[in-house]
Number of protein chains: 2
Amino acid sequence: MKVLNKETDYAVRALISLGLKPEGWVSAKAISDEQGIPYQFLRRILQELIRQGLVLSKEGAGGGVRLGKNPVEIGVAEVIEIFQGKVQVSECMFRKQLCSNRANCVLRHEIMRIEQMVNQEFSKVTIGKLIADLKAVEAMKG
Amino acid sequence: MKVLNKETDYAVRALISLGLKPEGWVSAKAISDEQGIPYQFLRRILQELIRQGLVLSKEGAGGGVRLGKNPVEIGVAEVIEIFQGKVQVSECMFRKQLCSNRANCVLRHEIMRIEQMVNQEFSKVTIGKLIADLKAVEAMKG
DNA sequence: ATTAACTGATACTAACTTAGTATCAGAATT
DNA sequence: AATTCTGATACTAAGTTAGTATCAGTTAAT
Ligand code: FES
Ligand code: FES
């Protein structure tokens with residue numbers, strides 16, 4: 001059961017990469033090279049992130065992209081939602097045969113509790129936090 | 001982001017259905033009719049559950065399937081693993097460029113923590129628990 | 001003014017996955 | 001012998017995923 005697809009994966013990595021270079025515009029080409037992400041694929045991903053306001057862009061030579069929000073305010077949950085839609089366990093697991101009152105359905109609540117928990121946890125993992133962790137690891141190594 | 005696919009969904013529902021009829025063998029046809037699950041699809045799912053030991057089977061007329069384990073010992077996590085493989089967030093999210101020491105990788109740990117939590121929660125949701133909840137709802141309605 | 005380095009938008013493709021169907025063989029009951 | 005069941009396995013259509021390609025427009029440098 002794969003949770004994150006390539007779009008989300010690459011998006012998070014691109015955002016981290018941008019978070020590490022807060023000043024100036026960074027080209028898609030540069031990120032692609034640095035992270036080993038297929039160029040055209042990354043371009044499409046960045047375009048979506050731009051549409052969603054997570055990153056800003058500047059056209060033309062010397063242009064590129066940069067973060068549009070504070071890294072600590074970008075949760076992985078948000079990125080997942082953009083590229084994979086809201087976390088949903090199952091549209092409705094037990095149908096009318098077993099369960100007629102959807103509204104008060106205990107089973108449904110059980111499942112949705114997990115759903116919410118996952119979302120909450122992925123929200124707490126922000127780009128800012130990942131960068132901090134990353135720097136901590138670097139410091140330890142050195 | 002869909003967490004459960006149809007195989008898992010149908011499998012859980014079939015297991016609940018079997019848990020509600022502990023005595024005797026139940027045919028795939030009967031479950032299919034009761035739950036509105038496509039017959040041939042359900043057959044294939046049951047065959048897998050049998051191979052995995054979650055249900056027992058008896059061939060021939062008057063045969064069918066029945067639970068092979070105590071319902072409270074069948075967690076949804078186990079069913080997910082059978083039909084969708086182990087929950088895994090991402091093979092490796094940040095590659096060598098960002099993160100050379102996989103073993104001690106903080107980022108990886110962060111993600112795997114969530115992974116483990118999801119698994120744990122889905123383990124706690126057993127077929128037995130779902131049946132109990134279901135009966136509680138029924139009682140309230142009546 | 002031209003060229004080069006960029007993004008914006010969008011169309012396309014191959015490979016894989018999912019959901020569902022079909023078939024034939026064999027076992028137990030009647 | 002007929003019927004009702006599982007065991008094994010092959011097949012298909014539709015959808016998704018990952019990746020590619022193209023053309024148009026913008027900015028900067030020369
Ligand atoms: S109504 Fe869907 S699980 Fe109860
Ligand atoms: S080594 Fe894969 S995330 Fe660090």
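Chain identifiers are assigned alphabetically (A, B, ...) following the order of the sequence lines, protein sequences preceding nucleic acid strands; residue numbering begins at 1 within each chain.
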Discussion item. Check the phosphate of C/dG8 against A/Ser57, side-chain N and O only, distance under 4.0 Å to OP1 or OP2. Yes or no?
Written reply: yes
Fill in: Distance test, side-chain N/O of B/Tyr39 to OP1/OP2 of C/dG20, below 4.0 Å
no
I'd like to check the salt bridge (charged side-chain N to carboxylate O under 4.0 Å, His left out) partners of [X]; sequence neighbours left out, ordered by chain and number.
{"X": "A/Glu121", "result": "A/Lys124, B/Arg113"}
{"X": "A/Lys86", "result": "A/Glu81"}
{"X": "A/Glu48", "result": "A/Arg51"}

Discussion item. Within the 4.0 Å limit for protein heavy atoms, which parts of nucleotides 9-17 of chain D are touched? Write it as a string from 5' to 3', B for base, S for sugar-phosphate only, - for none.
Written reply: BB-------
Practice prompt. Produce a footprint string for nucleotides 25-30 of chain D: one letter per nucleotide, 5' end first; B if the base is under 4.0 Å from any protein heavy atom, S if only the sugar-phosphate is, - if neither.
Written response: BBBS--
Check the distance between [N]'s [atom2] and [X]'s [atom1] and give it to me in whole angstrom.
{"X": "B/Arg66", "N": "D/dC5", "atom1": "CZ", "atom2": "P", "value": "16 Å"}
{"X": "A/Phe41", "N": "C/dT13", "atom1": "CZ", "atom2": "C1'", "value": "13 Å"}
{"X": "A/Leu46", "N": "D/dG19", "atom1": "CG", "atom2": "P", "value": "15 Å"}
{"X": "B/Ile50", "N": "D/dG7", "atom1": "CD1", "atom2": "C1'", "value": "8 Å"}
{"X": "B/Glu48", "N": "D/dT6", "atom1": "CD", "atom2": "P", "value": "16 Å"}
{"X": "A/Ile45", "N": "D/dT20", "atom1": "CD1", "atom2": "C1'", "value": "13 Å"}
{"X": "B/Leu42", "N": "C/dG20", "atom1": "CG", "atom2": "C1'", "value": "12 Å"}
{"X": "A/Leu56", "N": "C/dG8", "atom1": "CG", "atom2": "P", "value": "11 Å"}

Discussion item. Test of understanding: with side chain to side chain donor-acceptor pair (under 3.5 Å), list the residues that count as partners of B/Glu59, not counting sequence neighbours.
Written reply: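 With neighbours one apart ignored, the set is empty.
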Fill in: Heavy-atom check, side chain of B/Ile31 versus side chain of B/Leu42, under 4.5 Å
yes
Discussion item. Listing request: all side-chain hydrogen bond (donor to acceptor under 3.5 Å, both in side chains) pairs with a residue in residues 18-29 of chain B, at least two apart in sequence or in separate chains.
Written reply: B/Ser17-B/Lys21, B/Lys21-B/Glu34, B/Lys29-B/Asp33
Discussion item. Connecting only ILVMFWY residues whose side-chain heavy atoms lie within less than 4.5 Å of each other, what is the rest of B/Tyr39's hydrophobic cluster?
Written reply: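 Reading the cluster by chain and number, B/Tyr39 sits alone, since nothing else belongs.
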Item to complete: For A/Pro38 and for B/Ala28, find the nucleotide of DNA chain D with the closest heavy atom, then tell me which residue's nucleotide is more 5'.
Response: B/Ala28
Worksheet item: What residue among B/Leu46, B/Leu18, B/Leu49 forms side chain to side chain contact (heavy atoms under 4.5 Å, CB included) with B/Leu54?
Response: B/Leu49
Run the side-chain donor-acceptor check on residues 64-76 of chain B: report pairs under 3.5 Å with partners two or more places apart or on a different chain.
from: B/Arg66; atom 1: NH2; to: B/Pro22; atom 2: O; distance (Å): 3.3
from: B/Lys69; atom 1: NZ; to: B/Glu78; atom 2: OE1; distance (Å): 3.4
from: B/Lys69; atom 1: NZ; to: B/Glu78; atom 2: OE2; distance (Å): 3.2
from: B/Asn70; atom 1: OD1; to: B/Val72; atom 2: N; distance (Å): 3.1

